[in-house]
**Student:** 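Here it is, the structure, as C-alpha cells.
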Amino acid sequence: MGKRVIDLTIKPQTGVSGTYFASWDFKEPKINATSSTIRVGTKVKLKSGAVYYNGAAVPASVISDEWIVSAVSADRVTLGKNKAKTKTLNSAVNAKYIQSSGTASSALVPIDNIDHYTVQWYYSSGDGVWFDGGSSDVKLKNALYSPPENAKKIRVKVKPVSKTYKQKVTTKKTTTEVTKSYWTGDAEDIDYAITVNPKPSAPSSLQATIDQYMITATVTDITDSQTDMIEFVVYKDSAPNKAYKKTYAYVQNARAIASIGPVAAGETYSIKCRAVNIVGSSKTLNFFTLSPLNLGELFNSSEKEYSDWSNFVYDLVSAPHKPPSILEKKALSKNSVYIDWKNVDNATSYTIEYTEREGYFDSSPSNVSSVTIDAVVGHAEITGLTEGTEYFFRIKASNAGGDSNWTKVFSIVLGSKPTAPTTWSNVTTATVKDAVQNEVKLYWMYNSSDNSDQTHAQLRMWFDHTDETVFDIDDNIKKNNANSYITLADLVKKSQSNSKFPYNFGNLFNLKTLALMSKYANGVVVTWQIRTAGITEEFGPWSEKRVVTIHDEPTVNMTTSVNDDGYMTAYPLKISMTTAPDRQTPIGCQISIKSLQSYQTVDSTGMVAYVKKNQVIFSSYKNMKGKNADLPPYSLNAGDVNLDPGKKYELTVTVSMNSGLSAQDSETFTARWKASNYNPDASIAYNPDTAEVSIVPFCTNENGELINNVTLSVYRREFDGTFTEIATGLKNLYSAGVPDPHPSLDYARYRIVATNTSTGESGYSDVSIPILEKAIIIQWNEEWTFFDATENSEPEQPVWTGSLLRLMYNVNVSDSYNPDVVFKEYVGRAHPVDYYGTQVGETATWSTDIPKDDKETLYALRRLAHWMGHVYVREPSGSGYWASVKVSFNQTHCEVVIPVTLDITRVDGEK
C-alpha cells in the first residue's frame with residue numbers, strides 16, 4: 001500500500017463566495033542518504049540556539065568553539081574533541097544544528113523526500129455522475145477550487161508524490177542510469193455537500209412475515225415527503241455481521257412493500273430498513289411503472305440521502321428442509337409400524353401421511369390418514385393398521401414459517417412372512433478338532449419382507465443322511481437383524497438333550513484322540529438349513545441345504561538330506577514325505593524355503609541382491625498322485641535355489657489332501673560348505689560382416705587350470721544397464737562358445753557368471769571389447785546356434801542366418817517417450833495426482849538419404865517393408881532393442897538420392 005495524506009478536509013474559504021479549499025497533513029517517510037558534508041573527522045561549528053540530542057540546551061561556550069565529529073548515525077552527530085584538542089565533549093546533537101564542516105569519512109543523514117502533491121477536483125450536479133473539475137500539482141498542503149454554480153457536491157483526491165534519484169544498474173554487458181522514486185503514493189479522497197439535502201426520517205413501522213421461503217416486508221404510514229424509497233436488508237442469524245439479501249421498494253400510497261427470497265430453508269432471519277431520498281438521477285424513468293430491474297437501475301444511478309436505520313424485526317424462521325433420509329421403517333406388530341427419520345434443524349413438528357394406495361396422495365384426501373409428531377420425539381409408531389396390507393408413507397417437517405416439501409413415498413408391507421434366509425459356513429471341510437472346539441460356524445442372514453425384526457429361527461440338520469432333527473435357535477439371534485451364527489459343537493450338544501436325534505459327540509468322535517469313530521472313518525457329512533420368522537411369528541421357507549464334511553486331521557512327516565546336526569553340506573537337497581491317514585489321498589504339495597536372517601548375496605546374473613529375514617526365497621508346487629507308497633522324493637539343485645553358506649533357513653512342505661484339508665511340516669537347517677571365489681573370463685571376437693560377436697567363456701583357478709563342477713552363463717549388458725541372457729549352463733571348456741547377433745555397436749559388454757554345480761555359489765566378471773561401428777544396423781528373420789570353437793572347418797549350419805540392413809549414411813534420429821500415466825484431479829488439491837502403469841511408450845523416427853544407385857540397400861529396405869514381425873535395431877551410440885518398423889521412401893525421377901523414413905516402435909522381444 002502506498003503513502004497517503006491524512007486529515008484531509010474541505011471547507012468554504014472565508015470572505016469569498018463560491019470558493020473552497022482542501023487541506024491535509026502528510027507524515028514524510030524517514031529516508032537516509034549518504035552525506036559528503038558531515039563525516040567522521042570533520043571540523044564543525046554549531047548553530048545558535050542548538051540543543052543536544054536529548055533536548056538539553058547547548059552552552060554558549062560550546063557553540064562558540066569548533067569541534068571534531070567522532071561519530072555519525074543518521075541525523076545523530078557525536079562531537080568529540082575541540083579543534084585545539086584541549087576539551088572533550090562526547091555529546092550528540094541533531095545534524096540540522098551543524099553549521100560548517102570539512103572532509104573525512106562519509107556518513108548517512110536524513111533527506112527531504114516529498115516532491116509535491118497532485119490534487120484532482122470533481123463536482124456533481126445531482127445527476128448521479130461525477131464531472132472532472134480540474135487538477136494541479138502543489139507544494140503546500142492545501143489547494144483552492146471554485147466549482148460551477150450548478151454543483152451540489154464536490155470531491156477532492158490528493159496524492160503525495162516522492163522525489164526521485166538516479167541509480168546505476170549494471171547487467172552483464174552494459175551499465176545504465178535509471179530514475180527511481182523513494183516511495184509510491186496513493187490518492188485519498190473526501191466529498192463535500194454544497195447544497196445540503198434534507199435527511200429523511202427513519203421508518204418506524206417496519207413489519208415482516210415469512211411464508212415458507214419468502215419474506216414479506218412492509219413499511220406503512222409514511223408521512224415524510226423526502227422518503228422516495230425504502231431499502232430493506234436481511235441477515236441470517238448464523239452470520240449476523242454479513243448482509244444476506246438486499247432489495248428496494250418504491251413508496252406508493254404512503255407505504256412500501258417488498259418480497260424477499262427465496263431464502264434458505266431451516267434458518268432464522270432478522271430484517272431492518274431505512275428511508276432513501278432520491279436527490280437526482282442521470283436516468284429518465286417513470287416512477288409509477290418501475291419494474292424491479294428498473295428500480296435497481298434508478299437506485300444505482302441516483303444521488304441519494306439516507307435516513308437512520310429502523311429497529312430490527314427478529315426471529316423470522318423459514319420453513320425447514322424435508323427430512324433427508326428414512327433411518328428405519330418396519331412392522332412393529334401385526335397391525336402397527338415403526339418409522340424413524342433423520343431430524344432437520346428448526347423443525348417443531350413432523351407430519352406423516354399414509355394410505356393403502358400411493359395414487360391417493362394429493363388426489364383423494366379422504367383416503368389419506370395422517371399423524372403429527374412433536375419434533376422432540378423424532379419417530380412415529382402408527383397403530384390400528386390392517387394385517388397383510390401394504391401401506392404407503394410420506395413425511396414433511398413444519399415450523400412457524402411453514403411446511404417443507406414431502407419426502408419420497410415409501411412403503412411397508414404389514415405382517416408378511418420373511419423370505420428364505422441367506423446361509424453360509426466359515427468352512428466346508430473341517431477336522432474333528434475344529435468341530436469339537438467350536439471352530440465350525442453356521443451363519444444365516446434374516447431376509448424380512450416387511451422390515452420387521454427377526455423373532456424366531458430354526459435349524460434342520462442331518463448327519464450322514466440320517467433322519468432330520470429340527471432345533472430352535474432363538475438364543476443365537478443377533479440384535480438389529482445382524483448376521484447370526486451357531487457353532488456345530490453347540491448344535492451337537494443340543495442333540496444330546498433331544499431323544500429323537502440319534503447322534504451326538506459320543507457316538508461320532510473319540511473325544512480323547514479327537515478322531516472319528518471307525519464307522520465314520522471316511523468322514524461325516526453334516527447337512528443343514530435354516531428358516532426364520534418375523535413379527536407375524538410365521539416361519540418363512542427353508543433356506544438352501546448346506547454341507548460341512550468332517551474328517552480326521554491329516555498329517556505329513558518330512559525327511560530330508562539335512563544331517564542330524566541340522567546342516568546341509570551339499571546339493572541336492574533331498575526331500576521325501578509320508579502322510580496320514582491312508583483314507584485321505586495327497587493331491588499336491590507346496591515346497592517353500594524362507595531365510596531366517598537378513599544378508600547380502602549375488603543372484604544368477606551376478607547382481608548384488610538383498611535377502612530379508614523371513615523372506616521366501618524358493619516356492620514350488622508339485623502335483624502328487626497315489627498313496628504314500630507311491631509318493632516320489634524331490635531334489636532341489638543349485639539351479640533351483642541359491643543358498644549361502646553359514647545362513648539359516650526353514651524348509652516347509654504343505655500337502656493338500658483330497659478331503660479338502662491340508663497338513664504341514666517344517667525343518668530348520670543351516671547351509672554349510674566351503675566358500676569359493678570365482679573370477680571367470682571370456683574371449684570375444686567381432687565379425688563386421690554380420691555385426692555379431694562370438695563369446696567363449698571360461699573359469700580357471702589361480703594356476704590357470706579349468707575348474708571342475710562349474711557351469712558358465714553369459715549375459716549382454718544393455719545400454720540402459722539391464723542384462724539380457726545369451727546362454728546359461730555352459731560347460732567350463734575352452735571350446736564351449738555362444739554367438740551374440742546383437743552386440744552394442746560402441747562397445748560389446750558382457751557379464752560372465754560361474755556357478756558351482758554342487759553348492760550353487762557363483763562369481764562373475766564383466767568383460768568388453770570396442771566395436772565402434774559407424775552404421776545403423778537392422779536385423780530380422782534370424783536363426784542362430786551355439787558352436788564349438790575347437791572345430792577348424794566351417795560348420796555345416798552357420799551360427800547366424802537372417803536379413804541385415806546396414807545404413808552407412810548420415811541418419812537423423814528423433815526419439816519420443818510416452819509413459820503410461822493417468823492424471824487424477826481431486827477436490828482440495830491444487831494439482832492432479834499421477835498414477836503410472838508399466839508402459840514406457842518408446843518410439844523413434846530415423847530418416848536418411850541413400851544414393852539412387854545403391855541397389856543392395858534399396859532391395860534390403862523393400863524386404864524390410866514387407867517383413868511381418870519385429871526386428872532388432874541398433875545405432876552407433878550403443879542403444880539396441882526389438883522394435884516394429886514401418887518403412888517409407890519416395891523415388892523422384894530427377895533426384896540422385898532417395899529419402900528414407902523409418903518409424904520405430906520399441907516392443908518386447910527375445911535376445
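As a basis for the values below, the full set of heavy atoms in this structure was taken, side chains included, without hydrogen atoms, waters or symmetry mates. Being a predicted model, the structure only gives us computed values, none of them experimental.
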**Student:** Testing the 3.5 Å rule here: is there a donor-acceptor pair between the side chains of Asp815 and Tyr817?
**Tutor:**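 Result is no, nothing qualifies.
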
**Student:** Stepwise, does the side chain to side chain contact (heavy atoms under 4.5 Å, CB included) test hold for Asp137 with Val161?
**Tutor:** CA-CA 9 Å; Asp137 291 339; Val161 180; 6.0 Å; no

**Student:** Using every non-hydrogen atom in the two residues, find where Asp186 and Arg4 come nearest and quote the distance to one decimal.
**Tutor:**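 Closest approach of Asp186 to Arg4: O-CG, 3.7 Å.
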
**Student:** If you compare all heavy atoms of Ile63 against all heavy atoms of Leu46, which two are closest, and at what distance to 0.1 Å?
**Tutor:**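 Smallest heavy-atom distance, with atoms named: CG2-O, 3.5 Å.
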
**Student:** Please round to the nearest 0.5 Å and tell me the distance separating atom OG of Ser307 and atom CG of Asn277.
**Tutor:**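 Atom-to-atom, Ser307:OG and Asn277:CG are 10.0 Å apart.
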
**Student:** From Asn113 CG over to Glu28 CD, what is the distance, rounded to the nearest 0.5 angstrom?
**Tutor:**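 The CD atom of Glu28 is 4.0 Å from CG of Asn113, to the nearest 0.5 Å.
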
**Student:** Checking the side chain of Arg274 only, and the main-chain atoms of Ile230 only, is there a donor and an acceptor separated by less than 3.5 Å?
**Tutor:**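 Pair absent, no side-chain N/O of Arg274 close to backbone of Ile230.
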
**Student:** Is it the case that more than 12 heavy atoms not belonging to Lys272 sit under 6.0 Å from its NZ atom?
**Tutor:**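 It does: Lys272 NZ has more than 12 such atoms within range.
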
**Student:** Rounded to the nearest 0.5 Å, how far does CG of Asn82 lie from CD1 of Ile68?
**Tutor:**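 One finds 7.5 Å between CD1 of Ile68 and CG of Asn82.
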
**Student:** Where is the tightest heavy-atom contact between Cys273 and Val219, given as atom of each residue plus distance?
**Tutor:**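 Shortest heavy-atom contact: SG-CG2, 3.8 Å.
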
**Student:** Look up atom CD1 in Ile326 and atom CH2 in Trp341, then write down how far apart they are to the nearest 0.5 Å.
**Tutor:**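 Interatomic distance, Ile326 CD1 to Trp341 CH2, rounded to 0.5 Å: 8.0 Å.
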
**Student:** To check you understand the geometry: which heavy-atom pair defines the closest contact between Pro160 and Lys3, and what is its length?
**Tutor:**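 The answer is CG-O, 3.4 Å.
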
**Student:** Less than 4.5 Å apart, any side-chain heavy atom of Glu231 and any of Tyr306?
**Tutor:**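 Yes, side chains in contact.
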
**Student:** Going by atom types alone, do Asp237 and Thr268 pair a side-chain donor with an acceptor below 3.5 Å?
**Tutor:**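 Side-chain D/A pair, Asp237 to Thr268: absent.
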
**Student:** Scan residues 308-327 for pairs that pass side chain to side chain donor-acceptor pair (under 3.5 Å), counting only residues two or more places apart or in two chains.
**Tutor:**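 Those involving residues 308-327 are Lys199-Asp308.
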
**Student:** Looking at Glu66 and Lys43, is there a salt bridge between them, counting it only when a charged N and a carboxylate O are closer than 4.0 Å?
**Tutor:**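 Salt bridge between Lys43 and Glu66, a charged N being under 4.0 Å from a carboxylate O: no.
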
**Student:** Could you tell me if Thr179 and Lys166 have a donor-acceptor pair between their side chains, going purely by distance under 3.5 Å?
**Tutor:**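 Result is yes, a qualifying pair exists.
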
**Student:** Identify which one of Thr407, Asn405, Asp362, Thr351 satisfies the side chain to side chain donor-acceptor pair (under 3.5 Å) criterion when paired with Arg394.
**Tutor:**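 It is Asp362; the other options fail the test.
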
**Student:** Any heavy-atom pair between the side chains of Ile154 and Ile194 that's under 4.5 Å?
**Tutor:**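 Side chain of Ile194 against side chain of Ile154, heavy atoms only: contact under 4.5 Å found.
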
**Student:** Evaluate the side chain to side chain contact (heavy atoms under 4.5 Å, CB included) criterion for residues Val69 and Leu79: first the C-alpha distance (whole Å), next the side-chain angles of each, then the deciding distance (0.1 Å), finally the verdict.
**Tutor:** CA-CA 5 Å; Val69 176; Leu79 306 179; 4.3 Å; yes

**Student:** With distance as the sole criterion, is a donor-acceptor pair present between the side chains of Asp132 and Gln120 under 3.5 Å?
**Tutor:**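 Judged by distance alone, the side chains do pair up.
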
**Student:** State whether the side chain of Ser91 and the backbone N or O of Leu89 hold a donor-acceptor pair below 3.5 Å, judged by distance alone.
**Tutor:**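 Yes: the side chain of Ser91 pairs with the backbone of Leu89.
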
**Student:** For the residue pair Tyr117 and Leu140, what are the closest heavy atoms and their distance?
**Tutor:**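 Tyr117 and Leu140 have their closest heavy atoms at CD1-O, 3.6 Å.
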
**Student:** Can you classify the ring geometry of Trp121 versus Tyr145 as parallel (below 30°), tilted (30 to 60°) or perpendicular (above 60°)?
**Tutor:**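 Taking Tyr145 first and then Trp121, their aromatic rings lie parallel (interplane angle under 30°).
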
**Student:** Using a strict cut-off of less than 4.0 Å between a Lys/Arg side-chain nitrogen and an Asp/Glu carboxylate oxygen, indicate whether Asp25 and Lys141 qualify as a salt bridge.
**Tutor:**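 So Asp25 pairs with Lys141 through a salt bridge.
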
**Student:** For Ser349, check side-chain hydrogen bond (donor to acceptor under 3.5 Å, both in side chains) against everything at least two apart and list the hits.
**Tutor:**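 For Ser349, no residue satisfies side-chain hydrogen bond (donor to acceptor under 3.5 Å, both in side chains) once neighbours in sequence are set aside.
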
**Student:** Holding to side-chain hydrogen bond (donor to acceptor under 3.5 Å, both in side chains), I want the full list of residues that pass it with Lys139, two or more places apart in sequence or in another chain.
**Tutor:**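 side-chain hydrogen bond (donor to acceptor under 3.5 Å, both in side chains) check on Lys139 returns nothing, list empty.
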
**Student:** Who are the salt bridge (Lys or Arg N to Asp or Glu O under 4.0 Å) partners of Glu842, not counting sequence neighbours?
**Tutor:**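 Here the qualifying residues are Arg906.
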
**Student:** The test is side chain to side chain contact (heavy atoms under 4.5 Å, CB included); show your working for Leu144 and Thr19 and say whether it passes.
**Tutor:** CA-CA 7 Å; Leu144 293 174; Thr19 301; 4.2 Å; yes

**Student:** Please confirm whether the backbone N or O of Ala275 pairs with a side-chain atom of Thr227, one donor and one acceptor, at under 3.5 Å?
**Tutor:**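 Not at all, since once roles are kept as given, no pair shorter than 3.5 Å links the two residues.
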
**Student:** Could you tell me whether the side chain of Ser404 reaches within less than 4.5 Å of the side chain of Lys396, counting heavy atoms only?
**Tutor:**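 A side-chain contact under 4.5 Å exists here.
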
**Student:** Side chain of Tyr122, backbone of Gly134: donor and acceptor closer than 3.5 Å?
**Tutor:**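 Absent.
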
**Student:** Any donor and acceptor pair, going by atom type alone, linking the side chain of Ser70 with main-chain N or O of Thr78 inside 3.5 Å?
**Tutor:**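 Yes, because the side chain of Ser70 sits within donor-acceptor range (under 3.5 Å) of the backbone of Thr78.
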
**Student:** Go through the structure and list residues passing salt bridge (Lys or Arg N to Asp or Glu O under 4.0 Å) with Lys27, not counting sequence neighbours.
**Tutor:**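 For Lys27 there are no salt bridge (Lys or Arg N to Asp or Glu O under 4.0 Å) partners, ignoring immediate neighbours.
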
**Student:** Would you please say whether a donor-acceptor pair under 3.5 Å links the side chains of Ser23 and Thr9?
**Tutor:**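 Side-chain D/A pair, Ser23 to Thr9: present.
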
**Student:** Determine yes or no for a side-chain-to-main-chain donor-acceptor pair under 3.5 angstrom, with Asp189 supplying the side chain and Lys157 the backbone.
**Tutor:**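 No.
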
**Student:** Step by step, work out the side chain to side chain contact (heavy atoms under 4.5 Å, CB included) result for His116 and Thr118.
**Tutor:** CA-CA 7 Å; His116 65 274; Thr118 296; 3.7 Å; yes

**Student:** So, do Ile190 and Val156 sit near enough that their side-chain heavy atoms are less than 4.5 Å apart?
**Tutor:**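 Contact flag for Ile190/Val156 side chains = yes.
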
**Student:** Compare every heavy atom of Ile222 with every heavy atom of Arg255, then report the nearest pair and how far apart it is.
**Tutor:**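 Arg255 and Ile222 have their closest heavy atoms at CA-CD1, 3.9 Å.
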
**Student:** Anything under 30° is parallel, anything over 60° is perpendicular, the rest tilted; go ahead and classify Tyr192 against Tyr20.
**Tutor:**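 Correct class here is tilted.
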
**Student:** I'd like to know whether CG of Asn253 has more than 12 heavy-atom contacts from other residues, nucleotides or ligands below 6.0 angstrom.
**Tutor:**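 No, the 6.0 Å shell around CG holds no more than 12 heavy atoms from other groups.
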
**Student:** Atom CD1 of Ile6 and atom CH2 of Trp24: how far apart are they, to the nearest 0.5 Å?
**Tutor:**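 Here the rounded value is 13.0 Å.
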
**Student:** Give a yes or no on this: more than 12 heavy atoms of other residues, nucleotides or ligands lie within 6.0 Å of atom CG of Asp211.
**Tutor:**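 Count not over threshold, so no.
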
**Student:** Are the side chain of Trp67 and the backbone of Val62 linked by a donor-acceptor contact shorter than 3.5 Å?
**Tutor:**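 Here the side-chain-to-backbone pair exists.
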
**Student:** Roughly how far, to the nearest 0.5 Å, is NZ of Lys47 from NZ of Lys96?
**Tutor:**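 That separation rounds to 9.5 Å.
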
**Student:** Is a donor on one side and an acceptor on the other found under 3.5 Å between the side chain of Ser125 and the backbone of Asn150?
**Tutor:**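 Checking the backbone N and O of Asn150 against the side chain of Ser125, no donor-acceptor pair under 3.5 Å is found.
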
**Student:** Using only atom types and a distance under 3.5 Å, with no angle test, would you say the side chain of Thr218 pairs donor to acceptor with the backbone of Gln207?
**Tutor:**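 Flag not set: sc Thr218 to bb Gln207 has no pair under 3.5 Å.
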
**Student:** Is Glu177 atom CD crowded by more than 12 heavy atoms from other residues, nucleotides or ligands, each under 6.0 Å away?
**Tutor:**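 Counting other residues, nucleotides and ligands, CD of Glu177 exceeds 12 neighbours.
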
**Student:** With Ser124, which residues qualify under side-chain contact (heavy atoms from CB on, under 4.5 Å), at least two apart?
**Tutor:**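 Only Trp130, Lys153, Glu303 meet the side-chain contact (heavy atoms from CB on, under 4.5 Å) criterion with Ser124.
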
